[in-house]
Amino acid sequence: MFMYYVRLAALSYRRNPILSSLMVLAVAVGVGAYMVVFTLNYVLGGDPIPHKSDQLYHIQFDYGDPDVVDFEPPPQLTYRDAVEMLEQSNDLRRTATSKFVAILEPPGNDLRPFFVNGRGSSADFFAMFDVPFQYGNAWDRASDDGQRQVVVLSQELNERLFGGADSVGETINMDGLVFTVIGVLDYWTPTPKFYDVNNGPIDIGEEAYIPWSLIAGQQLRRSGNTNCWAAPENSSFEAFLNAECAWVQFWVELPDQQTFDRYQNLVNNYVAQQREFGRMQFPVDKRLYDVNEWMVYNEVQPDETRILSALAAMLLAVCLLNTVGLLLSKFLGKSGEIGVRQALGAGKGSLFIQHTIEAGFIGALGGVLGLGVAAIGLEGIKILLGPEAPTQWITINFTVIAVTILLAIVSTIIAGLYPIWRACNINPAIHLKTQ
Amino acid sequence: MELGPITRALLRNKLGVILIALQIAFTMTVIVNAVYIISDRAANMARPSGLDEANTFHISSIGYGNSFNESVVVDEDLNMIRQLPGVIDAMVTNQIPVSGSGSSSGYSLEPGRRDMLVPAAIYRVDDHFLEAMDLSLVAGVPFTPQQIVRRTPTDERQPTETILSQAMAESLYPDDWRQALNQNIYGPDGSALRVVGIVDRLQAPWPTFTYVENSMLTPEITLDNSTTYLVRTEPGYRDELMVEVEERLAAAPHQRILRNNQSLEYTRTESYRIDSLMTTILKVVIGTLMFITAMGIVGLAVFSINRRRKQIGTRRALGATRFSILRYFMTENLIISAAGVTLGAIMTVGFNMFLVQTFNMPRIDWFYAPIGMLALLLLGQLAVIGPARSAAGITPALATRSV
């Protein structure tokens, strides 16, 4: 019976091709546009590390100057607080991390020296964020403390330097320092780049990872954001490290409530103690943020995609209103046929099923076409984002496909409810008379 | 006019009216707010940086190794670049306008008054900035070569003069920005800078910065092995000079790498990428919505005309002209659209209030809603012309047929 109704729906489509195509087009455009925005929001507003986002916490200290109006406490740590918190969190997985840039002189004479974006991190960084390794391993905590010159390369950099071979044990020269390759990452570019959102949620990933202690130890060229609310005592590097300048991200892994409570106490005590020294005078609402809270707190989801969500919802509404009207025209346009079917014994139930299937049929066609619309839309956005922005995160995945088709069918049927009801309640006598 | 009969006829088909009116209302809400967002962004993108953007490019040089002496290399590079035919002038700067990255600080009129600090972008430049950046001095004097401080980042020597953008001078002296000339202003650490000049306009590097027009220039070359040159050329020479300058810099026997050889136009395109993306998306949305709504109006008009073919035939037979049939359906559409745009105006303002509250956008100008209403009324009329003309073409003879 189902197939019979599907065939009827197809026949009905062919009888009224322009009206029907208009409906399919409206559903496709509405659903397609909604899917484009859904995909952007799905990634940018989604949970970047779902299985442990509630165990990873970033610290927000009470930074700032109470005298300065509208001061927003910088969402990073100062060097001395980062070092102190590393020390105090010794029994937990934790990492201080920040960006640097360096000139890399490749081994051999084939390649010219080039610029790399690097990241200093503590040994636990890789385990905390589930960073995948292709070759070798991360360094250990002893290397952090000993400022050992070891490096973990990104897949791309390993490709560029060593043709993708297992380069563990090779050495590279960065800013005049010799580093031993200890590991090579697999492809890893989380979006949003949740572990450091200071330069936007879709920042390019780093190419070389080294122990964070080396950034201060070797005075590497720092990059990323630096926010000072009191001037350093003088121009020396030492003075800068001790100054009220926030430039370090700090994450800690707190696996359960008990650890969380203990750690929260530790942080609160630290703040109380610092306050006695005249620091941390600018009270904050909250000091420990898990990954998702941190994304919201740092307003990772761009205004643009949120505005577009609202607009896309209204676009979908227009398209569905359109569909209601067109379905109504279509169903009432074949009142004669409905009259005949009723006269031949079709009950309201079967008329209802028939027309629901017809609406669903149109919805399904619209959904498939909508996928095309969404694909074109996302491709267009990639092109418009330009060559320099990372765009590999903009893809139609299985969830999007499933949601698109489902949204199209369900919304068309909902839009069709009133037309279907009207179609089921046609008085057959009137329509049979004029035949 | 047959307003009475038309309205009564419409009331017999309330749902059709409601559907079209709602569509028009939503369409108007989206279109008017989208146009307003587009014009808001376009206004942002149109703000001039103060530079001769069409004829300017920049390139960075980063030295390495022990033999690299930045101070010597800078002089050598600048001499070379300035002598190239087609170059108007070249300079060293720590940051590039509209590039999105750079440094800022706050300055106040009294030392130690942290509550009075006015934020500004800090451009560290040499004495060629006026020509190279194409700025005009509206008060005071430019930097002299002797004032340029060459310092390593840990050097205690600091520049003692500054030149402000007029907007920065206005922030410090709201009543009369000229008063800023020859005054001392104080940084967060209490260090003083004397204002020796004021330039008409120089934007900070961050397009979204609240104080985007507040800039300061200080006479300083920071020797940290990383140097950015900004080069202004005669019209038409930029692209070939970008290639030539990079080739010549690369040919010089120094251990360094060259990066970000970009025209300022490209830098601007990159910085406003999201704004132009948003603008394009919104334009597509507007076009799509107008099309869908117009199609919906056509679809329902065709339907309602087909249902009334006999009545139309009867009216024609009773003496109605083609024009009066046409007028009937045009008027009918006008009534529905009028209801739609009235609701649309309310929804437009409501949605705008949501945007204002949630995203801190400026409030919509009053004339957007009326113009949007007119535009949608016009769209409705255009959409219904086709079906109405075909209705007018129905022959009076139809009245005598049974179907």
Side-chain angles (χ1 to χ4, degrees), chain A residues 18-19 22-23 25-26 29-30 33 36 65 67-69 101 103 105 112-115 175-176 221 228-237 302-304 306-308 310-312 314-315 317-319 321-322 324-326 328-330 332-333 377 380-381 384-386 388-389 418 422 434-435, chain B residues 15-16 19-20 22-23 26-27 29-30 33-34 37 62 64-66 106 114-115 117 151 153-156 187-191 224 226 255 257 259 269-270 273-274 276-278 280-282 284-285 288-289 291-293 295-296 298-300 302-304 306-307 351 354-355 358-359 402-403:
Chain A
I18 297 178
L19 199 65
L22 216 56
M23 268 189 275
L25 195 69
V29 167
V36 170
D65 186 336
D67 286 345
V68 179
V69 262
V101 289
I103 288 182
E105 295 174 66
R112 287 178 59 83
F114 57 89
F115 210 69
D175 272 7
R221 208 187 296 255
C228 301
W229 55 101
E233 275 179 21
N234 54 51
S235 300
S236 72
F237 192 70
D303 282 358
E304 280 82 6
R306 292 170 61 202
I307 293 174
L308 285 177
L311 293 180
M314 282 198 267
L315 178 65
V318 170
C319 291
L321 286 170
N322 211 317
V324 178
L326 295 177
L328 199 60
S329 313
K330 197 176 171 200
L332 296 188
I381 287 177
L384 291 170
L385 269 175
E388 305 202 357
Y418 178 75
R422 284 286 296 268
T434 51
Q435 290 291 322
Chain B
L15 188 82
L19 285 176
I20 294 285
L22 270 180
Q23 256 188 73
F26 272 116
T27 304
T29 309
V30 173
N33 279 288
I37 294 171
I62 299 123
Y64 58 94
N66 293 329
R114 299 180 53 83
D115 53 324
L117 291 175
R151 56 185 293 271
T154 55
D155 195 333
E156 292 298 331
D189 55 349
S191 62
D224 57 358
S226 161
Q255 281 201 311
I257 56 174
R259 295 184 81 216
T269 310
E270 278 299 313
R273 187 69 84 172
I274 296 294
S276 53
L277 173 65
M278 186 75 171
T280 311
I281 293 178
L282 291 177
V284 172
V285 167
T288 313
L289 259 182
F291 177 74
I292 296 274
T293 305
M295 288 301 110
V298 171
L300 278 182
V302 168
F303 169 67
S304 82
N306 281 344
R307 275 207 318 183
F351 187 68
F354 160 76
L355 290 182
T358 320
F359 303 107
S402 66
V403 173

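Values in this document were obtained by computation on a predicted structure and should not be read as measured data. Chain identifiers are assigned alphabetically (A, B, ...) following the order of the sequence lines, protein sequences preceding nucleic acid strands; residue numbering begins at 1 within each chain.
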A:S329 versus B:G299, closest heavy-atom pair with distance: OG-O, 4.4 Å

Heavy-atom side-chain contact between B:L300 and A:N322 under 4.5 Å: no

Among B:I20, B:I62, B:D189, B:T280, residue most engaged with chain A (heavy-atom pairs, under 4.5 Å): B:I62

Pairwise distance CG(A:L328) to CZ(B:F303) - rounded to 0.5 angstrom: 5.5 Å

Between CG on residue A:L315 and CG on residue B:L289, distance to nearest 0.5 Å: 4.5 Å

Engaged part of B:T293 at the chain A interface, taking heavy atoms whose separation is under 4.5 Å: both

Working for side chain to side chain contact (heavy atoms under 4.5 Å, CB included), residues B:L282 and A:L308: CA-CA 8 Å; B:L282 291 177; A:L308 285 177; 4.0 Å; yes

Part of B:L355 lying under 4.5 Å from any heavy atom of chain A: side chain

Atom CZ of B:F291 with >12 non-hydrogen neighbours under 6.0 angstrom: no

Under 4.5 Å from a heavy atom of chain A, the part of B:T27 involved: both

Greater than 12 external heavy atoms within 6.0 Å of A:I18's CD1: no

Pick from B:S304, B:P188, B:P153 with the largest number of heavy-atom pairs that fall under 4.5 Å of chain A: B:P153

Contacting moiety of A:V318, where chain B heavy atoms sit under 4.5 Å: both

Over all atoms of both residues, closest heavy-atom pair of A:F237 and B:T154: N-CG2, 4.1 Å

Partner chain B: residue of A:L326, A:V29, A:L25 with the largest heavy-atom pair count (under 4.5 Å): A:V29

Which portion of B:I37 sits near chain A, non-hydrogen atoms under 4.5 angstrom: side chain

Proximal component of A:A26, with respect to chain B [non-hydrogen, under 4.5 Å]: both

Toward chain B, the part of A:R306 with a non-hydrogen atom under 4.5 Å: both

Distance in Å, B:I281 CD1 paired with A:E304 CD, rounded so as to fall on 0.5 Å steps: 9.0 Å

Residue pair A:N234 / B:E156, side-chain heavy-atom distance below 4.5 Å: yes

Heavy-atom proximity to chain A below 4.5 Å, by part of B:S276: neither

Heavy-atom donor-acceptor pair, A:R112 side chain to B:I257 backbone, under 3.5 Å: no

Per-residue contact mode, A:Y418 against chain B (heavy atom under 4.5 angstrom): side chain

Which atoms of B:D155 approach chain A - backbone, side chain, both or neither, heavy atom under 4.5 Å: backbone

Closest contact, heavy atoms only, B:S226 versus A:R221: CB-NH1, 3.3 Å

Under 4.5 Å from a heavy atom of chain B, the part of A:E105 involved: side chain

Side-chain heavy atoms of B:L15 within contact of A:R422, under 4.5 Å: no

B:M278 and A:I307: CA distance, side-chain angles, deciding distance, side chain to side chain contact (heavy atoms under 4.5 Å, CB included) verdict: CA-CA 10 Å; B:M278 186 75 171; A:I307 293 174; 4.0 Å; yes

Spacing of A:L321 atom CG and B:L22 atom CG [to the nearest 0.5 Å]: 5.5 Å

